[in-house]
Trainee: 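Mind having a look at this structure? Questions to follow.
Along the sequence shown, residues carry numbers from 1.
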Amino acid sequence: MKSTQINQNVFLKNYLYIIIFTILGFLIYGNSLLNNYALDDAIVITQNEFTKKGIDGIPDLLTTEGFTGFFGKQKDLVAGGRYRPLSLVTFAIEYQFFGENPFISHLINIILYILTTILLFQILLYFFPESLSKNKYINIPFITSILFLAHPIHTEIVANIKGRDEILTLLGSLAALYYSIKYLNTNQIKYLIFSFIVMFLALMSKENAITFLAIIPLSIYYFTKNSLKRNLTTLIPIAIASLIYLVLRNKIIGFTIGASADELMNNPYLYSTVNEKFATVFYTMLLYIKLLIAPTTLTFDYYPFQIPIINWSDFRAILSILIYLALGIFALLGFKKKTIISYGIWFYLITFSVVSNLIFNVGTFMNERFMYISSIGFFIIIAFLIVKYLINKPKIVFTILGLILVLYSAKTISRNFAWENDYVLFTTDVENSPNSAKGNTSAGGKSLEVAGALKKIQRSYLTDKQLIINALKETPLSNSEIIELTKFNSVAEISNSINKKIDYLQQKSLKHLEKAVKLHTTYNDALLLLGNARFEINPKDIDGVWSAYKQILDRNPTYFRVYQNLGIILTDSINVDKRIKIWRKLLKYDKNNFEAHYQLGHIYGMYKNNLDSAIYFLTKATTIDKNSEKAYKDLGVAYGISMQYQKALEAMNKAFFINPKDYQLLLNIGITYMQLKDFKPAIQTFEKALSLNPQSQEAFSSLIISCLNGKEYDKTINLLLPIYKTNPNDFNVNYNLGVCYQGKGDNKTANTYLNKAKNLNPIMFKNLISK
């Protein structure tokens, strides 16, 4: 092959292709601009505390594992951990200037994807310098790039904002290849520096870029006539970049490879034998080829058990290993001759190796996004075959390409709609992945959530159709669903259709969650949501809720979300004895559980008036969680009712220390001081309560009584006189003013008020005087 020469003005000369790629890119992915956040976008953007700090969060993003900003601590949930900060940094910058704005994020993804296509085209022109002079459109660079741009398997990368890590990885890796070639053709060291920079950025986006340590020298070998020494020179900057990245990664998250997760959803081969694992891996490798050829059914969800575990007796595993063996032989045979097909195979196999599950356990059976880089090798082979065998049959070529592009584009546009939000994605893909425990759980959970949102709208009793439509638009429902619900003219009919939708969503939720549990009997997330769904459908079905939760507790007695959920579910509407029975059962699972002790103490005190039991359980709750305001508060009330005022005061003061802004708590403390006849602190407490709630009549009255009983006569008079001016005929005001002046020794003024009180209500006056 001829040595590749780079035309410095090639971008300008090929502006027509750039325009084609740009227009087609926006035509295909333009509808994704209307989508919201979906799937893992919560982890990297909407619920990531570092990202949401904007630029101030960048140091944290650069110095922690990828999930830390979401979970609050490093959790090695998936294979090898995650150190891919570059895309997160771009999200933080976006958040700084635009806040939560999915439109901007989707727009940037599309632009980066189009730029990647243009860069791929540019590199292929360097590989095939005479392509455009022979035929403007029937050539390997154009056909490869246009297939890459339109192929539906890339939808997850572009339409899912989180997919930017993959886009930046390939963009940086291709840029490293580009600058390596530029160096070989110019001998300018600056291009090696550029190669180092973009390679490092590619690695900081995702580790997959490391495969270009092989792809770059391989490409130079195939498409140039440079010596081995010059070829190896281009490896120096990218090797240094890789080494620096690996050292940095190891320093920040540690060196880990392979999945150590003990949850099936993060390690699909957890219960498989070695033979089953590798037979299934080869089966998934066959499915990848199928998706590249015919991407008819796409899904984000290949979790257990959408992909069945098979063994070597299954013909699909044998067929796959034969196909990949043949590919390997073709690649080796064509290596010395530098055939295009062998290069395409090498490109595919090398970049695919790190996500295939053959070398590392990547935490899932497969993912369509794993084909993003590898698909380039496939497209190069297809383009080569078209050019080789159909170059002289342009009508056939344009017909085939036109048909492929129309089908690919239509599928991609259609697939973009599925990424509108979590609800649409989960309920769409559960139909494409019916045997996924995670998919059924996600669809069930989101359906239940949307049903809850619709219930909230119904409880608002909106009487205007437009207001109902506006409220529905705030839910995750798709536009078509909203149109269907509001096609009626009367509000009553719309309300009826919403009720039917609620019933439908609840039943679908129940169906999906029951299937998820059937597929994965120990899946805590599914069991928890199943219990929730049963309660939402029938709040009296506590036995059904308990049967789901019990399956979790039998394996994990301290699973806090069960206790947390029961604290919400077991409300006043549930029979008191049944609530006590369930909470007592929970104590058998976890005798030191705070929520169970607190709820039992609360129920015994409030509903059973069993103060001894209430005090016992609430005291235990406070020893388990010494920072629980509600436990100390309820304990104080229980002691107060049982007239153990000193202990009540101790408990309530601890609650007040935790929450010094609780107005009702201050009232209770003040009343307790009054019961102890310790009026000075009572006065101070009621004054604090009034500072929090100046309009409180209860606090004001209690303050007056405390001042009066504490013989703070001047303070009492100052409180009463403004009331007297407003209502001079108030018996209590006159009587208390008389008592205050009497206490001060001013009998003349005292008699004035006392006589007036006597005239206003002689009987009450007589009763008070007699006391």
Side-chain angles (χ1 to χ4, degrees), residues 40 43-45 48-51 53-96 112 162-177 179-180 191-217 234-261 350-351 353-355 359-363 369-370 372-373:
D40 291 339
I43 294 176
V44 297
I45 304 174
N48 189 303
E49 63 172 298
F50 298 154
T51 302
K53 288 181 183 177
I55 291 174
D56 289 341
I58 291 176
D60 292 317
L61 294 171
L62 291 173
T63 55
T64 58
E65 197 263 352
F67 291 148
T68 305
F70 177 74
F71 289 108
K73 61 181 180 179
Q74 181 168 332
K75 295 185 73 171
D76 298 323
L77 294 178
V78 289
R82 291 289 181 267
Y83 184 64
R84 304 166 181 176
L86 184 59
S87 62
L88 297 176
V89 168
T90 68
F91 297 140
I93 294 170
E94 285 175 39
Y95 200 92
Q96 178 74 38
L112 290 172
K162 183 266 175 191
R164 188 177 303 174
D165 56 354
E166 303 275 2
I167 299 175
L168 290 173
T169 296
L170 180 56
L171 185 59
S173 300
L174 289 176
L177 174 56
Y179 285 123
S180 296
Y191 291 119
L192 290 181
I193 297 173
F194 293 160
S195 176
F196 164 80
I197 293 171
V198 293
M199 184 65 177
F200 181 72
L201 291 175
L203 287 161
M204 291 288 279
S205 300
K206 195 172 182 181
E207 305 89 341
N208 298 30
I210 207 163
T211 57
F212 272 68
L213 281 172
I215 293 297
I216 290 174
T234 62
L235 268 179
I236 295 173
I238 61 175
I240 294 173
S242 300
L243 181 62
I244 292 173
Y245 168 77
L246 291 173
V247 170
L248 183 62
R249 185 182 192 277
N250 180 54
K251 182 176 178 61
I252 291 171
I253 69 170
F255 182 74
T256 53
I257 58 174
S260 58
I350 291 170
T351 56
S353 62
V354 293
V355 292
I359 301 174
F360 308 118
N361 192 334
V362 298
R369 66 177 182 272
F370 292 166
Y372 181 57
I373 300 176

Trainee: Would you call Glu166 and Leu170 a side-chain contact if the rule is heavy atoms closer than 4.5 Å?
Mentor: no

Trainee: Is any side-chain heavy atom of Val355 closer than 4.5 Å to one of Arg369?
Mentor: no

Trainee: Step by step, work out the side-chain contact (heavy atoms from CB on, under 4.5 Å) result for Leu168 and Leu201.
Mentor: CA-CA 8 Å; Leu168 290 173; Leu201 291 175; over 6 Å; no

Trainee: If you define the side chain from C-beta out and look only at heavy atoms, does anything of Ile58 sit under 4.5 Å from Ile93?
Mentor: yes

Trainee: What's the shortest heavy-atom distance between Ser205 and Arg84, and which atoms?
Mentor: O-CB, 2.9 Å

Trainee: What's the shortest heavy-atom distance between Tyr83 and Leu62, and which atoms?
Mentor: OH-O, 2.7 Å

Trainee: Could you measure the distance from the CD1 atom of Ile45 to the CG atom of Leu88? Nearest 0.5 Å is fine.
Mentor: 8.5 Å

Trainee: Determine the minimum heavy-atom distance between Ala176 and Ser195, stating which atoms define it.
Mentor: O-OG, 3.6 Å

Trainee: So how far is it from Arg82 CZ to Arg249 CZ, rounded to the nearest 0.5 Å?
Mentor: 8.0 Å

Trainee: About how many Å separate CD1 of Ile238 and CD1 of Ile216, when rounded to the nearest 0.5 Å?
Mentor: 3.5 Å

Trainee: Applying side-chain contact (heavy atoms from CB on, under 4.5 Å) to Tyr179 and Ile193, what does each step give before you reach the verdict?
Mentor: CA-CA 9 Å; Tyr179 285 123; Ile193 297 173; over 6 Å; no

Trainee: Taking all heavy atoms of Ile210 and all of Leu203, pick out the closest pair and write down the distance.
Mentor: N-CD2, 3.6 Å

Trainee: Measure the CD1-OG1 distance between Ile167 and Thr90 for me, rounded to the nearest 0.5 Å.
Mentor: 10.0 Å

Trainee: Looking at CD1 of Ile253 and OG1 of Thr63, how far apart are the two atoms once the value is rounded to the nearest 0.5 Å?
Mentor: 12.5 Å

Trainee: If you compare all heavy atoms of Ala214 against all heavy atoms of Ile350, which two are closest, and at what distance to 0.1 Å?
Mentor: CB-CG2, 3.9 Å

Trainee: Atom CG of Leu177 and atom CD1 of Ile215: how far apart are they, to the nearest 0.5 Å?
Mentor: 9.0 Å

Trainee: Are any of the side-chain heavy atoms of Val44 and Asp165 separated by less than 4.5 Å?
Mentor: no

Trainee: Answer whether the closest heavy-atom distance between the side chains of Thr351 and Asn208 falls below 4.5 Å.
Mentor: no

Trainee: Okay, side chain of Thr169, backbone of Lys206: is any donor-acceptor separation there less than 3.5 Å?
Mentor: yes

Trainee: Contact between Leu235 and Leu213 at the side-chain level, heavy atoms closer than 4.5 Å - yes or no?
Mentor: yes

Trainee: Is there side-chain contact between Phe91 and Asn48, with heavy atoms separated by less than 4.5 Å?
Mentor: no

Trainee: Would you please classify the geometry between the Phe196 ring and the Phe200 ring as parallel, tilted or perpendicular, with 30° and 60° separating the classes?
Mentor: parallel

Trainee: Between Ala175 and Val198, which heavy-atom pair has the shortest distance, and what is it?
Mentor: C-CG2, 3.7 Å

Trainee: How about Asp60 and Thr68: do any of their side-chain heavy atoms sit closer than 4.5 Å?
Mentor: no

